[in-house]
Amino acid sequence: QVQLVESGVGLVQAGGSLRLSCAASGLMFSSYTMGWFRQAAGKEREFVSAISRSGGTTYSADSLKGRFTIFRDNAKNTVLLQMNSLKPEDTAIYYCAATAISRRLGSPQEYDYWGQGTQVTVSS
(Lines give C-alpha, C1' and ligand atoms only; values in the text may rest on other atoms or scores of the structure.)
Protein backbone atom coordinates (compact mmCIF):
# COMPACT_ATOMS: atom_id res chain seq x y z
CA GLN A 1 0.00 0.00 0.00
CA VAL A 2 1.45 3.29 -1.10
CA GLN A 3 1.45 6.08 1.44
CA LEU A 4 2.59 9.66 1.13
CA VAL A 5 2.50 11.56 4.40
CA GLU A 6 3.12 15.29 4.50
CA SER A 7 4.30 17.13 7.57
CA GLY A 8 5.47 20.61 8.55
CA VAL A 9 4.59 23.48 10.84
CA GLY A 10 1.33 24.92 9.57
CA LEU A 11 1.30 28.58 10.67
CA VAL A 12 3.90 31.18 9.81
CA GLN A 13 4.06 34.96 9.53
CA ALA A 14 4.47 36.70 6.21
CA GLY A 15 8.12 36.88 5.24
CA GLY A 16 8.92 33.74 7.16
CA SER A 17 10.09 30.32 6.01
CA LEU A 18 8.68 26.85 6.25
CA ARG A 19 9.86 23.42 5.22
CA LEU A 20 7.39 20.71 4.31
CA SER A 21 8.33 17.05 4.29
CA CYS A 22 6.72 14.12 2.55
CA ALA A 23 7.57 10.60 3.63
CA ALA A 24 6.83 7.88 1.11
CA SER A 25 6.32 4.18 1.69
CA GLY A 26 5.05 1.21 -0.26
CA LEU A 27 6.68 2.21 -3.54
CA MET A 28 10.11 2.20 -5.15
CA PHE A 29 10.69 5.82 -4.29
CA SER A 30 13.66 6.39 -6.55
CA SER A 31 11.55 5.28 -9.55
CA TYR A 32 9.06 8.10 -9.12
CA THR A 33 9.14 11.73 -10.02
CA MET A 34 7.81 13.65 -7.04
CA GLY A 35 5.76 16.79 -7.02
CA TRP A 36 4.14 19.35 -4.76
CA PHE A 37 0.80 20.95 -5.47
CA ARG A 38 -1.34 23.32 -3.48
CA GLN A 39 -4.99 24.21 -3.32
CA ALA A 40 -6.33 27.36 -1.77
CA ALA A 41 -9.91 27.62 -0.61
CA GLY A 42 -12.26 27.97 -3.56
CA LYS A 43 -9.49 27.50 -6.14
CA GLU A 44 -8.23 24.68 -8.30
CA ARG A 45 -5.24 22.62 -7.36
CA GLU A 46 -2.11 24.19 -8.78
CA PHE A 47 1.38 22.95 -9.49
CA VAL A 48 4.14 24.12 -7.19
CA SER A 49 7.25 22.12 -7.98
CA ALA A 50 8.53 18.71 -9.10
CA ILE A 51 11.81 16.84 -8.95
CA SER A 52 13.20 14.07 -11.11
CA ARG A 53 13.92 10.57 -9.88
CA SER A 54 17.57 11.25 -9.20
CA GLY A 55 16.96 14.74 -7.88
CA GLY A 56 19.12 16.19 -10.60
CA THR A 57 16.35 18.17 -12.31
CA THR A 58 13.71 20.35 -10.73
CA TYR A 59 10.70 22.15 -12.13
CA SER A 60 8.84 25.01 -10.51
CA ALA A 61 5.87 27.20 -11.22
CA ASP A 62 7.17 30.43 -12.73
CA SER A 63 5.44 32.51 -10.07
CA LEU A 64 7.25 30.66 -7.28
CA LYS A 65 10.76 30.45 -8.64
CA GLY A 66 13.28 31.96 -6.30
CA ARG A 67 11.13 31.42 -3.22
CA PHE A 68 10.34 27.71 -3.22
CA THR A 69 12.89 24.91 -3.59
CA ILE A 70 12.23 21.20 -3.89
CA PHE A 71 14.73 18.50 -3.05
CA ARG A 72 14.69 14.83 -2.19
CA ASP A 73 16.57 12.22 -0.22
CA ASN A 74 16.18 8.84 -1.90
CA ALA A 75 17.93 7.09 0.98
CA LYS A 76 15.17 8.30 3.31
CA ASN A 77 12.27 8.10 0.81
CA THR A 78 11.57 11.76 1.48
CA VAL A 79 10.84 14.82 -0.64
CA LEU A 80 10.96 18.28 0.86
CA LEU A 81 9.72 21.71 -0.07
CA GLN A 82 11.58 24.71 1.31
CA MET A 83 9.42 27.81 1.20
CA ASN A 84 10.94 31.23 1.84
CA SER A 85 9.61 34.78 1.87
CA LEU A 86 6.12 33.46 2.39
CA LYS A 87 3.12 35.60 1.53
CA PRO A 88 -0.49 35.40 2.69
CA GLU A 89 -1.44 34.24 -0.82
CA ASP A 90 0.67 31.12 -0.24
CA THR A 91 -1.96 29.97 2.22
CA ALA A 92 -3.31 26.63 0.98
CA ILE A 93 -3.37 22.92 1.54
CA TYR A 94 -0.12 21.52 0.20
CA TYR A 95 -0.07 18.05 -1.33
CA CYS A 96 2.76 15.69 -2.12
CA ALA A 97 2.34 13.47 -5.17
CA ALA A 98 4.20 10.76 -7.05
CA THR A 99 4.22 9.92 -10.73
CA ALA A 100 5.88 7.14 -12.67
CA ILE A 101 6.17 9.32 -15.77
CA SER A 102 8.16 12.44 -16.46
CA ARG A 103 5.98 14.55 -18.71
CA ARG A 104 3.30 17.16 -18.09
CA LEU A 105 4.45 17.38 -14.51
CA GLY A 106 2.30 20.43 -13.95
CA SER A 107 -0.88 18.43 -14.46
CA PRO A 108 -2.42 16.79 -11.38
CA GLN A 109 -3.96 14.10 -13.60
CA GLU A 110 -0.50 12.71 -14.38
CA TYR A 111 0.19 11.74 -10.78
CA ASP A 112 -0.48 8.25 -9.49
CA TYR A 113 -0.40 8.76 -5.75
CA TRP A 114 -1.27 11.61 -3.42
CA GLY A 115 -0.78 12.47 0.20
CA GLN A 116 -3.60 13.69 2.40
CA GLY A 117 -2.33 17.26 2.36
CA THR A 118 -1.10 19.62 5.03
CA GLN A 119 -2.46 23.08 5.77
CA VAL A 120 -0.13 26.03 5.45
CA THR A 121 -1.37 29.36 6.72
CA VAL A 122 0.61 32.55 6.26
CA SER A 123 -0.56 35.44 8.42
CA SER A 124 -0.08 39.05 7.40
Give me the atom names and distance for the closest heavy-atom approach of Arg67 to Asp90. NH1-OD2, 2.8 Å

Under the ring pair (Phe, Tyr, Trp, His ring centres under 6.0 Å) test, residues paired with Phe37 that sit two or more places apart: Phe47, Tyr111, Trp114

Are the side chain of Asn77 and the backbone N or O of Gly26 linked by a donor-acceptor pair below 3.5 Å? no

With distance as the sole test, does Thr118 use its side chain to make a donor-acceptor pair with the main-chain N or O of Tyr94 at under 3.5 Å? no

Which pairs pass salt bridge (charged side-chain N to carboxylate O under 4.0 Å, His left out) with one or both residues in residues 2-11, sequence neighbours excluded? none

Residue set satisfying ring pair (Phe, Tyr, Trp, His ring centres under 6.0 Å) with Tyr95, at least two apart, ordered chain then number -> none

Under the salt bridge (Lys or Arg N to Asp or Glu O under 4.0 Å) test, which residues partner Glu46, sequence neighbours left out? Arg38

Give the table of side-chain donor-acceptor pairs shorter than 3.5 Å for residues 8-24, with sequence neighbours excluded, one pair per line with atom names and distance.
unit_1	atom_1	unit_2	atom_2	d
Ser17	OG	Asn84	OD1	2.9
Arg19	NE	Gln82	OE1	2.8
Arg19	NH2	Gln82	OE1	3.2

Which salt bridge (charged side-chain N to carboxylate O under 4.0 Å, His left out) pairs, counting each pair once, include a residue from residues 109-124, with sequence neighbours left out? Arg104-Glu110

When you group the ILVMFWY residues by side-chain heavy-atom contacts below 4.5 Å and let the links chain together, are Val48 and Leu105 in the same group? no

If you look only at pairs with a residue in residues 29-84, which of them pass as a disulfide bond (SG atoms under 2.5 Å apart), with sequence neighbours excluded? none

Does some side-chain heavy atom of Met83 sit less than 4.5 Å from a side-chain heavy atom of Val120? yes

Point-to-point distance, once rounded to the nearest 0.5 Å, from CD of Glu89 to NZ of Lys43: 8.5 Å

Looking at every non-hydrogen atom in both residues, tell me the closest pair between Ala98 and Tyr32 and how far apart they are. CB-CD2, 4.0 Å

Check whether any side-chain N or O of Arg72 sits under 3.5 Å from a backbone N or O of Gly55 as a donor-acceptor pair, and report yes or no. no

Under the disulfide bond (SG atoms under 2.5 Å apart) definition, can you give me all pairs with a residue in residues 28-90, not counting sequence neighbours? none

Mind checking what makes side chain to side chain donor-acceptor pair (under 3.5 Å) contact with Gln3, not counting sequence neighbours? none

Can you list, pair by pair, the side-chain donor-acceptor contacts under 3.5 Å of residues 56-66, counting residues two or more places apart and other chains?
unit_1	atom_1	unit_2	atom_2	d
Ser60	OG	Ser49	OG	3.1
Asp62	OD1	Lys65	NZ	3.2

How long is the gap from CD1 on Ile51 to CE on Met34, to the nearest 0.5 Å? 10.0 Å

Using the test side chain to side chain donor-acceptor pair (under 3.5 Å), find all partners of Gln109 that sit at least two apart in sequence or belong to another chain. Ser107

Which heavy atom of Phe29 sits nearest a heavy atom of Asp73, and at what distance? CE2-O, 4.0 Å

Leu4 to Cys96 - nearest heavy-atom pair and separation: CD1-O, 3.8 Å

Output all residues satisfying side chain to side chain contact (heavy atoms under 4.5 Å, CB included) with Val2, sequence neighbours left out; order by chain, then residue number. Leu27, Tyr113

What's the shortest heavy-atom distance between Thr91 and Gln119, and which atoms? CG2-NE2, 3.9 Å

Of all heavy-atom pairs linking Asn74 and Ser30, the shortest is ND2-CB, 3.8 Å

